Amino acid sequence: MCLVSAEDVSLSYPRPPREGGVLQVLQRISFQVHEREFVTLIGPTGCGKTSLLRVVAGLVKQSSGSVQVGGRPVEGPSEIAAYVFQQIALLPWRTVQRNVELALELRFHRRLRRSDHQRVRDVLGLVGLRGFEHYYPYQISGGMQQRVGIARALVTEPRLLLMDEPFGALDAQTRRILQDELLRWRERTGVSVLFVSHDLDEAVYLSDTLLVMSAHPGSIIDRIHVNLPEPRTDHDCRAEREYGQIHNRAWELLRAQNVRSSEPDKAGVGR
C-alpha cells in the first residue's frame, strides 16, 4: 500500500523586496513511500531535503503539485504521521516520562488515563529508557535525549515516521547504536520511515530506497533500491559487495551535484 504519494511538488518563496522574484526551493518532485518502507532523502546542502520533509508533514504548503499521506491530501499535520526534528527540544521542567506524555496530551486534548501512562512506560522500555522515567533532560546524555524524542514520536503509534537528521549531532559510536535501534524499532512496530540524512553511510545502511536530490533547486535525479541481507543488525552488511556498489553509485551522483552547487552562476554568485 502506498502511504505517501507526492506528484510534481514544487516549492518557492518570495525573495526580499530589494532582490525581487522568487526563490525556487523544490522543482517538480514525485515519489512514493510504501507500507513498512524506509526511504531516505540525500543530496547537497541546501537542496531542500528538510523543506520536502516539512511539506509531507503538512508544516509547509507546496506551491504546486499534490501530496497525499494515507490516501488523503495533506492540509496540515496528519494523525498517522509523527515528526522527529533535528533538535529534540525537550521541555527542561518535565521528566523523561512527562516529555513523552506531552505527545499524547497534544493528540487527545484530555487528561491522560492509566492506560496512556502505561503506553508511555512501554515505549520508554522499547527505546531502552526503562529506569530513567523520572530523570530530567539535563540529567541524561545526548543520545538518551534523542531516544526520548523518538519515544515521543512512537507513543502516538504512527504509521509514518518523518525524521530530519535525528542523529546528526551525536558522536559516531552513539549514532551507530541508535541506527541499529531504529532498525529494530521499525521491525517491531512496522512503521514506515521517510528520513533525511547528510551521512551517506547511514543512508545506505538504514534504507530500502535512496532518493538522490539535485543541487538547488531540489529535484529527484535518481532512485536507488538498496537490496542488502536482512536483518542488517545481525551482521556487518557494510562489508557486503552490494553495499560498496550502492555507496559508490550514490557518492558519484552526490559529488557531481556538489560540484554543480559550488559553481558560480552568470552573475558570479554561488548557487
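One-based numbering along the sequence shown. Given the structure is predicted, the values throughout are model-derived calculations rather than measurements.
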message: What verdict does the salt bridge (charged side-chain N to carboxylate O under 4.0 Å, His left out) test give for E230 and R232, after you've listed the backbone C-alpha separation in whole Å, the side-chain angles of each residue and the deciding distance to 0.1 Å?
response: CA-CA 5 Å; E230 302 285 354; R232 299 180 192 181; 3.0 Å; yes
message: I'd like to know whether S10 forms a side-chain hydrogen bond (donor to acceptor under 3.5 Å, both in side chains) with Q27, so could you lay out the CA-CA distance, the side-chain angles of the two residues, the decisive distance to 0.1 Å, and finally the verdict.
response: CA-CA 4 Å; S10 295; Q27 191 168 48; over 6 Å; no
- request: Evaluate salt bridge (charged side-chain N to carboxylate O under 4.0 Å, His left out) for R107 paired with E79, printing each intermediate quantity in order.
  value: CA-CA 8 Å; R107 173 64 61 87; E79 291 187 355; 5.8 Å; no
message: Is there a side chain to side chain contact (heavy atoms under 4.5 Å, CB included) between R121 and R130? Walk through the geometry before answering.
response: CA-CA 7 Å; R121 288 191 290 270; R130 184 170 286 115; over 6 Å; no
field: Y205/D180 under side-chain hydrogen bond (donor to acceptor under 3.5 Å, both in side chains): CA gap, chis, key distance, verdict
entry: CA-CA 9 Å; Y205 179 65; D180 284 349; 2.4 Å; yes
Intermediate values then yes/no, side-chain hydrogen bond (donor to acceptor under 3.5 Å, both in side chains), E165 and H198: CA-CA 7 Å; E165 294 191 77; H198 274 104; 2.8 Å; yes
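Y13 has its side chain out of reach of V22: every pair of non-hydrogen atoms, C-beta onward, lies at least 4.5 Å apart. Between L161 and L194, the closest side-chain pair of non-hydrogen atoms is not below 4.5 Å. Side-chain contact between V4 and Q68 is absent, with no heavy-atom pair separated by less than 4.5 Å. In this structure the side chain of L3 reaches within 4.5 angstrom of the side chain of I80, judged on heavy atoms. Taking 4.5 Å as the limit, some side-chain heavy atom of L124 sits within range of a side-chain heavy atom of Q97. Residues V212 and I220 form no side-chain contact, since every pair of their non-hydrogen atoms from C-beta on lies 4.5 Å or further apart. In this structure the side chain of L11 reaches within 4.5 angstrom of the side chain of V60, judged on heavy atoms. In this structure, the side chains of C47 and H216 stay at 4.5 Å or more apart for every pair of heavy atoms.
Ionic pairing of R184 and E187 is not present here: no N-O contact between side-chain nitrogen and carboxylate oxygen is shorter than 4.0 angstrom. A salt bridge does not link R176 with D201: none of the charged nitrogens is closer than 4.0 Å to a carboxylate oxygen. Salt bridge status for R152 with E101: absent, with no side-chain N to carboxylate O gap under 4.0 Å. The residues D222 and R249 are annotated as salt-bridged, a charged nitrogen and a carboxylate oxygen being separated by less than 4.0 angstrom.
T95 places no side-chain N or O within donor-acceptor distance of the main-chain N or O of H134, the cut-off being under 3.5 Å. A side-chain donor-acceptor contact under 3.5 Å links S214 to the backbone of S219. A side-chain donor-acceptor contact under 3.5 Å links K49 to the backbone of P44. Using modelled atom types, one side-chain atom of E133 and one backbone atom of G131 make a donor-acceptor pair closer than 3.5 Å. Remark: the backbone N or O of V155 is paired with a side-chain donor or acceptor of R119 at under 3.5 angstrom. Using a distance-only test at 3.5 Å, with no hydrogens or angles considered, no donor-acceptor pair links the side chain of T174 to the main chain of D171. In this structure, the side chain of Q62 engages the main chain of G65 through a donor-acceptor pair within 3.5 Å. Side-chain N or O atoms of R54 include none that pairs as donor or acceptor with a backbone N or O of L59 at under 3.5 Å. R223 contributes no side-chain N or O that, together with a main-chain N or O of L211, makes up a donor-acceptor pair within less than 3.5 Å.
In this structure, a donor-acceptor pair under 3.5 Å is present between the side chains of D164 and T50. Side-chain atoms of Y136 and N99 include no donor-acceptor pair closer than 3.5 Å. A donor atom on one side chain and an acceptor atom on the other are not found under 3.5 Å apart for N248 and E252.
Distance CG/L112 to CG/D116: 5.0 Å, rounded to 0.5 Å. Summarising the geometry, atom CZ belonging to R175 is positioned 11.5 Å from atom CD belonging to Q173; distances are rounded to the nearest 0.5 Å. For the atom pair CG of L182 and CD of Q146, the computed distance is 10.5 Å after rounding to the nearest 0.5 Å. Interatomic distance, R113 CZ to Q118 CD, rounded to the nearest 0.5 Å: 15.5 Å. Here the CD atom belonging to Q87 is positioned 10.5 Å from the CD atom belonging to Q145, to the nearest 0.5 angstrom. Rounded to the nearest 0.5 angstrom, S64 OG and E7 CD are separated by 12.0 Å.
For the pair R186 and F38, the cation-pi test (distance below 6.0 Å, angle within 45°) is failed.
V226 and I42 fall within a single hydrophobic cluster, where Ile, Leu, Val, Met, Phe, Trp and Tyr are joined by side-chain heavy atoms under 4.5 Å apart, directly or via other members. Taken together through direct or relayed side-chain contacts under 4.5 Å among Ile, Leu, Val, Met, Phe, Trp and Tyr, F195 and L41 form parts of separate hydrophobic clusters. Criterion: ILVMFWY side-chain heavy atoms under 4.5 Å apart, direct or through other members. Under it, L52 and L254 are not part of a common hydrophobic cluster. Note on V100 and L102: separate hydrophobic clusters, where clusters join Ile, Leu, Val, Met, Phe, Trp and Tyr whose side-chain heavy atoms are under 4.5 Å apart, directly or indirectly. In the hydrophobic cluster analysis, where Ile, Leu, Val, Met, Phe, Trp and Tyr join through side-chain heavy atoms closer than 4.5 angstrom, L26 is grouped apart from L253.
Heavy-atom neighbours of R188 CZ from other residues, nucleotides or ligands within 6.0 Å: above the threshold of 12.
Closest approach of V9 to S66, counting heavy atoms only: CG2-O, 3.5 Å. Considering all non-hydrogen atoms of both residues, V74 and G58 come closest at CG1-CA, 3.5 Å. When all heavy atoms of A81 and P158 are compared, the pair lying nearest together is C-CB, 4.1 Å. Here the closest non-hydrogen pair linking I29 and F31 is CG2-CD2, 3.7 Å. Listed here is the closest heavy atom pair of V96 and V148: CG1-CG2, 3.8 Å. Considering every non-hydrogen atom in both V84 and G149, the closest pair reads CG2-O, 4.3 Å.
When the ring pair (Phe, Tyr, Trp, His ring centres under 6.0 Å) test is applied to F85, the partners found at least two apart in sequence or on another chain are Y83. Under the salt bridge (Lys or Arg N to Asp or Glu O under 4.0 Å) criterion, E105 pairs with R94, R98, not counting sequence neighbours.
Between F132 and Y135, the ring planes are tilted. Angles from 30° to 60° get that label.
Paired with T209 under the rule side-chain hydrogen bond (donor to acceptor under 3.5 Å, both in side chains), one option of H34, H225, E37 passes, and it is E37.
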